[in-house]
Amino acid sequence: MNIGDVLGDSYQIIEQIGEGGGGIVYKARHLRLDTLVVVKQIREEVKDRVYRRQEADILKKLKHPNLPRVYDFIETDEGIYTVMDFIEGTSLDNILNNGSHYTQRDIVRWGRQLSDALAYLHSQTPAIIHSDIKPANIIINSNGDATLIDFNVSVLFDDSLKFSVGISIGYAPPEQYRDIETYKKVTHVNTIPGSATERVFSSLMGTTDINQVAQKAVYHVADEDATEIWDDDKTVILKLTMTIDARSDVYSLGAVLYHLITGKGPEIDFNAIVPLSKLNLNISEGLVVIIDKMMALNPDDRYQNGIKVHEAFVNIYKLDRRYIALKRKEKVLLVAALLSLVFGCGLVGFGIKRIQIEYDAHYDSEVLTADNSANNYNYQVAIETVKALEEEKPERLKAFEREAYYLYLSGDYEGAQNRIQEIFASQIVVENEYNTKDLIGNLYAIMGNCSYELEDYENAKHYLEQAFEYVEDNPTYYRDYAVSLAKLGDLEKAEDTVEIAVSYGMNQVSMDYVNAEIESSKGNYVAAVSLLEPIIKDKLDIEIYNRALLLAARDYVQMEKYDDALNIYIMIRESGVDTYQIGENIAYLYGQLGDLDSAEQELLSLAEQYPNNYRVYKRLAVLEVQKQDTKANENRDYHQMQEYCNKAFELYEQANVEDSEMEVLKTQLKNVKDGGWL
């Protein structure tokens, strides 16, 4: 394609930025959205395999903070093209080649993010296998986050489940070469008889006779099934079927992380790869254990998919010998304390002190485990973890504060407030060595944030002012205070409060979020959404991410972009926040889009979950009116609407609340009766 060409009436070519085994890569501009995209023209030799399975469309629905969005698959007379996000940043390939500085913490962070992306891909139906993970296909953005790019290879399916597979030498596992003869031909490695490499290929081919393995190679066959190789910067594309699966991606990601840790790529000769555990490196033991397992030559010995790798990274500290030893010491010290009774009070005191120190470490590690669970949306697991600590040490506030915070993150705002009220009533909120001002201030801040989400902005402001009495310099308190002020219409004071938050160290993500809230309060919804989109894409802070999603959804509704709002609410639900309000909003948006059947199904599901909530029956009654309005007069039947109304009125009386919409519903029912429909 030429500079200036427009593909599919939407994507204008800016420049060619690469060419590889899969095709030519261009930078382009999405004309409607005015954003940069990547256009890749599929190579002639493999394009006939594209589009033969509808699963390729699955990629267009993928949404993950560490993956680019897939906009389009376009077929023209000139070829087939894929269109994805253009990810600003530097490839790991450049970082490695330029000797750029990075830390072990960076490696663990990237491993966690990329394994999360693989977990997402591998959990699709059918599973999506990337099959060409290498440093050049990983971009690090300005925030230091990793994005896995280039899905072109992963979508080249044909009807017989064969697909073209990219082999990046050094990062591809044994099974990706298909057989030992292809491996030798591609890598120019002469394997040693009886070596680990030959044994693995024997196992993969289902035989222990290496001579049979060699005879199975078809590299020399000169027909349409022959393997063809295009050599391009050590990247090889094989058109023959490969026996790969999610475990192949696991190996490749492990090889990339191995390169980051050692400063050199894994040996091409599998037999010459030295495990990290055999190298004298000053790195975390947990990281060594994870990488060595990811790079096991036999797929059965690896983590079986990205989900398992991500779990390992989340719990990396548990693989450290110090943590394992700590767990053992907890048991040993309890026995030692009992035995020390024999040797007198002095020794007893010493033993108790030792136990106290060890228990403090146990307490903190369990809180960290709970936080990790919450960060992965496993809120119930997180709550159960800290509840166990509450029983063990009911005088310590930390576990109680975390429980309230997890309830808030999960969207159970009333539940979080009720729990905090119980905590205050139990009289454990007393300052001491363990119950610091920070923890007490956090409880008030959580109360305020719950009030905010319940649209009780006056109380939100009140609780945050109480939080200031305990901690005067917490930037997140000022951030949330500014948001509440904005909702109350005090925009000038809100903007002054933002400046205070910045002076106390508020980060850029929080700043963008609070500015979006202020713009939204002013009615500048487009400006607000433009500030929220990077927060949602980067997903750096789970709390801000959740709040940004909710605000973006509300702003899209105000802009009457109901499709976008619906997609956001579905994302919120998929992230683990599944409240009544989320379901009601989804039903409302289906109704606005004219999909009344989906709206009804959503409301009926809510009726099962919340059988005593009058609001769901109120919504069902209103929806029933909408449904009947679509019919000819002679075909209308309002009896179902009447049933929903009666149920709503009955539950409304019991709820003892004020709701002006219920008066409107009574009027609607009266009009139906007066019109002779009932």
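Computed from a predicted structure; not experimentally measured. In this chain, numbering begins with 1 at the start of the sequence shown.
- The closest side-chain donor-acceptor pair between Ser142 and Glu88, if any, does not fall under 3.5 angstrom.
- Ionic pairing of Glu392 and Lys398 is not present here: no N-O contact between side-chain nitrogen and carboxylate oxygen is shorter than 4.0 angstrom.
- Inter-residue side-chain proximity for Tyr81 and Lys40 is flagged as unmet; no heavy-atom pair is nearer than 4.5 Å.
- With 3.5 Å as the limit, one finds no donor-acceptor pair spanning the side chains of Tyr513 and Asn507.
- Distance CD1/Ile261 to CG/Leu276: 5.0 Å, rounded to 0.5 Å.
- The two residues Ile568 and Leu549 make their nearest non-hydrogen contact at CG2-O, 3.1 Å.
- Looking at His122 and Asp245, their side chains never bring a donor and an acceptor atom within 3.5 Å of each other.
- Considering all non-hydrogen atoms of both residues, Ala404 and Ile446 come closest at O-CG2, 4.0 Å.
- Val288 places none of its side-chain heavy atoms less than 4.5 Å from the side chain of Leu279.
- Between the Glu15 side chain and the Lys27 main chain, no donor and acceptor come within less than 3.5 Å of each other.
- In this structure a side-chain-to-backbone donor-acceptor pair under 3.5 Å is present from Asn98 to Asn94.
- Between Val39 and Ala28 the shortest heavy-atom distance is CG2-CB, 3.8 Å.
- Side-chain atoms of Gln16 never come within 3.5 Å of backbone atoms of Val25 as a donor-acceptor pair (strictly under, hydrogens ignored).
- Formation of a donor-acceptor pair under 3.5 Å by the His259 side chain with backbone atoms of Pro135 is not found in this model.
- Here Leu253 contributes atom CG and Ile138 contributes atom CD1; the two are 6.0 Å apart, rounded to the nearest 0.5 Å.
- Salt-bridge check for Asp301 with Lys293: failed, with every basic side-chain N at 4.0 Å or more from each acidic carboxylate O.
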Apply side-chain hydrogen bond (donor to acceptor under 3.5 Å, both in side chains) to residues Asn449 and Tyr405 and explain how you reach the verdict.
CA-CA 10 Å; Asn449 289 333; Tyr405 182 60; over 6 Å; no

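- Relative orientation of the His30 and Tyr11 rings is perpendicular, given thresholds of 30° and 60° on the angle between their planes.
- The shortest heavy-atom contact between Leu148 and Pro68 is O-CD, 3.0 Å.
- Within the 4.5 Å cutoff, side-chain heavy atoms of Gln304 are placed close to those of Arg247.
- Around NZ of Lys537, the count of heavy atoms belonging to other residues, nucleotides or ligands within 6.0 Å exceeds 12.
- Of the charged side-chain nitrogens involved, at least one lies within less than 4.0 Å of a carboxylate oxygen, so that Arg547 and Asp480 count as a salt-bridged pair.
- For Tyr102 (side chain) and Leu260 (main-chain N/O), a donor-acceptor pair under 3.5 Å exists by modelled atom type.
- Side-chain contact annotation: Asn66 with Tyr120, donor-acceptor N/O pair under 3.5 Å absent.
- In this structure, Asp132 pairs ionically with Lys134, as a charged nitrogen and a carboxylate oxygen lie closer than 4.0 Å.
- The shortest side-chain heavy-atom distance between Val200 and Phe270 does not fall under the 4.5 Å cut-off.
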Starting from the C-alpha separation in whole Å, work towards a yes-or-no answer on side chain to side chain contact (heavy atoms under 4.5 Å, CB included) for Val386 and Glu401.
CA-CA 9 Å; Val386 292; Glu401 180 262 351; over 6 Å; no

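- Checked by atom type, the side-chain pair Asp249/Ser252 shows no donor-acceptor distance below 3.5 Å.
- Atom CD1 in Ile291 sits 10.0 Å away from atom OG in Ser284 (nearest 0.5 Å).
- Of the N and O atoms on the side chains of Arg69 and Tyr71, at least one donor lies less than 3.5 Å from an acceptor on the other residue.
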Apply side chain to side chain contact (heavy atoms under 4.5 Å, CB included) to the pair Ile128 and Leu62, showing each step before the final yes or no.
CA-CA 10 Å; Ile128 296 173; Leu62 296 181; 3.9 Å; yes

Let me see the working for Tyr177 and Val186 under side chain to side chain contact (heavy atoms under 4.5 Å, CB included), right down to the final yes or no.
CA-CA 8 Å; Tyr177 292 91; Val186 171; 4.1 Å; yes

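- A donor-acceptor contact shorter than 3.5 Å is absent between the side chain of Tyr406 and the backbone of Ala416.
- At least one side-chain heavy atom of Tyr477 sits less than 4.5 Å from a side-chain heavy atom of Asn442.
- In this structure, the side chains of Trp110 and Leu92 come closer than 4.5 Å at one or more pairs of heavy atoms.
- Using the six-membered ring where Trp is involved, Phe201 and Tyr183 have ring planes that are tilted, between 30° and 60° apart.
- Within the 3.5 Å criterion, the main-chain N or O of Lys308 finds a donor-acceptor partner in the side chain of Asn305.
- When all heavy atoms are compared, the tightest approach of Leu531 to Asp512 is CB-O, 3.8 Å.
- In this structure the side chain of Val314 reaches within 4.5 angstrom of the side chain of Arg112, judged on heavy atoms.
- A donor-acceptor contact shorter than 3.5 Å links the side chain of His130 to the backbone of Ile149.
- Atom CG in Leu297 sits 6.0 Å away from atom OH in Tyr251 (nearest 0.5 Å).
- Arg396 forms a cation-pi arrangement with Tyr363, by the criterion of a distance under 6.0 Å to the ring centre and an angle within 45° of the ring axis.
- Between Tyr171 atom OH and Ile133 atom CD1 the span is 12.5 Å, to the nearest 0.5 Å.
- Closest of all the heavy-atom pairs between Ile129 and Ala246 is CD1-N, 3.5 Å.
- Ser195 places no side-chain N or O within 3.5 Å of a backbone atom of Asn271 that could act as its donor or acceptor partner.
- The backbone N or O of Thr103 lies less than 3.5 Å from a partner atom in the side chain of Asp106, making a donor-acceptor pair.
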Please assess Tyr26 against Val38 for the test side chain to side chain contact (heavy atoms under 4.5 Å, CB included), listing each intermediate value before the final yes or no.
CA-CA 6 Å; Tyr26 303 93; Val38 168; over 6 Å; no

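- Remark: Asp145 engages Arg109 in a salt bridge, criterion side-chain N to carboxylate O under 4.0 Å.
- Taken to the nearest 0.5 Å, the CG atom of Asn546 stands 12.5 Å off from the CG atom of Leu551.
- Inter-residue side-chain proximity for Pro173 and Arg302 is flagged as met; some heavy-atom pair is nearer than 4.5 Å.
- For the residue pair Thr476 and Asn474, a side-chain donor N or O sits within less than 3.5 Å of a side-chain acceptor on the partner.
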